Amino acid sequence: MSADSISVNRIREVLLVTVPPEPDDETITMLQEKVLAAMERHNARGLVLDISTVDTLDSFFARTIIETGQMVKLMGGRTVIAGMRTGVAITATQLGLVFGHLLTALDVDRALDLLGES
Amino acid sequence: MPESTAETHVDINSESDIVKVRKTVRDLAAAQGFGPTDVTRIVTAASELARNVFRFAGTGFLQMKQYEEGPRRCLELLFEDQGPGIADIEQAMEPGFTSGGGLGLGLPGAKRLMDELELDSVPGRGTRVTVRKWMNSSQKKGLAA
Amino acid sequence: MQDEQKSRAELVADLSSLRSRVEGLESSERFFRLIADFTYDWEWWLAPEGRLEYMSPSCERITGYSADAFRADPDLLNRIIHPDDRARFDSHVRENEQADAPALEMEYRIIRPDGETRSITHWCHSVFGEDGSWLGRRASNRDDTSGRAASDALRRQYKQLLSIFDNIDEVVYICDPDTHDVIYVNQKVKSLFGDIVGQKCHKALQNLDAPCPFCTNRIIFGERMGEAYTWEFHNENVDHWYRCIDKAIPWPDGRMVRYEMAIDVTDQKRAEQTVARQAAEIMELSTPVIQVWEGIVAAPLIGTLDSERTQQFMERFLEAIVEAKAPVAMVDITGVPTVDTQTAQHLIDAITSARLLGTRVILTGVRPAIAQTLVHLGIDLQGIETRSSMAAGLALALDRVGLKVVDKSQHEPEGAHVG
């Protein structure tokens with residue numbers, strides 16, 4: 001899975017990242033870097049992470065997402081995780097992953113609503 | 001990447017091998033008939049354990065086995081490495097225990113997602129983690145495709 | 001005078017040498033008679049024309065008749081043969097009335113004067129003089145009654161066993177574990193598969209050209225040798241379910257063979273499957289997940305929850321939320337009196353997972369016993385909203401989706417009296 005498959009899009013003042021189905025560690029790390037760079041470039045006030053195609057969410061991925069959320073917060077933004085699959089939600093819960101202050105939404109539309117971008 | 005038939009042995013030497021472990025385990029678990037949520041559980045547990053192998057030992061392997069006991073079918077995953085080993089097994093099984101700077105949820109998390117977990121580790125020699133997931137099988141059929 | 005003396009001397013010499021020859025012969029005769037007469041087995045010598053030349057005295061011990069009796073009555077030997085074996089014995093004797101008849105072995109029975117039957121194993125062969133002339137037939141007979149009785153008894157037992165099998169209305173068959181040749185099938189097998197004795201069991205019963213991958217021979221001839229091994233099997237050729245009992249058993253010829261009884265449990269299996277399906281349906285009924293309003297999913301749980309049911313409920317609950325795109329969901333456990341710690345954990349997991357989807361979850365109807373369990377578990381209940389009753393939960397849910405309940409009596413049209 002090439003790291004180039006991460007693209008960060010901007011919808012007005014919010015960033016949208018669609019995560020590919022089976023991201024490897026390199027892709028996930030690249031995601032964090034690209035997000036932070038884009039946050040700065042666009043002075044965005046929010047980030048939507050679309051994980052609707054992701055089948056496996058392990059602790060490394062979760063850790064990176066949580067860190068990214070913390071970093072976005074430090075840069076003045078809020079993060080929403082959108083479209084988590086039901087199997088992933090159950091597995092993440094049973095694995096003990098805690099997403100803390102990160103917001104979640106059923107899909108990208110609702111995520112954008114949550115961030116005030118309709 | 002070429003589509004591979006269900007392998008039973010995967011070497012873990014790099015980060016991309018963790019992805020290979022996930023894909024191979026997913027194919028095998030789905031073929032064995034586990035439901036989608038169980039498949040996700042198994043794959044996630046495998047990802048955690050493969051990651052442990054790579055992170056702490058650098059190199060190791062996964063050996064997969066399917067077998068039946070009466071009407072029940074079992075998927076068994078064995079992760080083995082010759083890394084530093086785990087000094088305090090009890091501590092490693094504590095939820096929240098961190099030794100690698102991460103969330104440290106590898107072992108207790110994997111245990112919660114699977115039905116059985118066996119840990120065999122000698123400091124300085126290596127580690128073997130065996131996890132199993134069972135499914136009730138109401139039909140006994142040959143496993144040939 | 002000298003000729004007379006000479007011939008007298010010769011005569012004496014001849015006599016003397018004759019005497020010593022006779023003594024020698026008598027001595028030989030005593031020697032061989034000793035050997036022959038004291039033989040334990042029953043031996044005889046029939047001259048080429050069938051006349052009895054010799055009968056060992058041991059005949060009396062075995063047959064109950066003395067050797068003299070046999071010599072006096074040549075037909076006695078035939079008469080003591082068991083009626084069922086007589087024809088066979090006769091043809092045997094006839095076949096061997098030639099010099100070049102080979103050495104033979106056969107079995108027959110005799111009947112003693114007291115009526116007792118004895119089993120005899122008989123060997124015979126042709127005997128020849130030094131000049132090569134045929135001197136008749138020599139026979140040695142052994143009383144094999146006890147040995148034969150044992151194997152006869154075993155054979156009788158098996159005949160009984162096999163006739164029992166024929167009366168069982170289930171599949172019973174026996175095959176050789178090495179060659180997989182079918183050795184025996186009962187009537188039931190014949191009616192289902194035909195007489196498949198001699199065919200390979202995997203071909204005749206499973207339509208496979210090689211031994212079945214699930215063959216239990218390695219179990220019943222391996223670690224579980226001598227024990228019965230029970231397992232269930234679905235035969236796709238006839239679409240029936242069988243409970244199979246396999247065992248390694250001894251066969252009269254000495255080898256260990258594979259025995260299997262396959263009991264048709266198809267009806268039972270179908271009933272089990274129906275019950276399982278109905279149980280699943282009941283499970284779904286008692287853990288219903290309903291969309292009570294647009295955007296509101298409710299799960300009023302009823303009865304005793306166990307770990308498995310709660311896990312299944314979890315999946316349906318989440319799927320309903322995704323499908324309804326519900327911003328709020330309710331779980332009511334008024335109808336659940338108690339839960340064990342594992343189920344309580346699953347319940348909390350269900351709520352936590354739903355919240356990971358971005359849905360607000362309200363838990364209502366928590367009974368005291370469950371409140372205790374949850375707190376003792378030390379579960380982080382932070383962020384899980386609770387209300388005491390389902391009604392209160394519903395009010396909150398409606399509020400969440402931007403609705404509110406209004407009392408219609410407050411908005412009667414003008415002119416109407418409010419009673």
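Just so it is clear, the model here is predicted, and its values are computed rather than measured. Just so it is clear: chains get the letters A, B, ... in the order the sequence lines come, proteins before strands, and each one is counted from 1.
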Heavy atom to heavy atom, less than 4.5 Å: which residues from residues 40-57 of chain A reach chain B? D55(A), T56(A), L57(A)

So which bits of residues 75-88 of chain A come within less than 4.5 Å of chain B, counting non-hydrogen atoms only? G87(A), V88(A)

When E15(B), E48(B), R51(B) are each screened for side-chain contact (heavy atoms from CB on, under 4.5 Å) with F60(A), the one that passes is R51(B)

How long is the span from the CG atom in D58(A) to the OG1 atom in T44(B), to the nearest 0.5 Å? 7.0 Å

Does Q82(B) CD have over 12 foreign heavy atoms under 6.0 Å away? no

Salt bridge flag under 4.0 Å for residues R22(B) and E22(A): yes

Taking R112(B) for the side chain and Q94(A) for the main chain, is one N or O donor matched with an acceptor at less than 3.5 Å? yes

Sequence neighbours left out, what passes side-chain contact (heavy atoms from CB on, under 4.5 Å) with K111(B)? Give chain and number order. M93(B), L117(B)

Steps toward side chain to side chain contact (heavy atoms under 4.5 Å, CB included) verdict (I18(B), D25(A)): CA-CA 9 Å; I18(B) 300 177; D25(A) 291 7; 4.0 Å; yes

Can you pull the side-chain hydrogen bond (donor to acceptor under 3.5 Å, both in side chains) pairs that have at least one residue in residues 116-125 of chain B, sequence neighbours excluded? E116(B)-R132(B), E116(B)-W134(B), E118(B)-R132(B), S121(B)-T127(B)

Given a strict heavy-atom distance threshold of 4.5 Å, which part of T93(A) is in contact with chain B: side chain, backbone, both, or neither? backbone

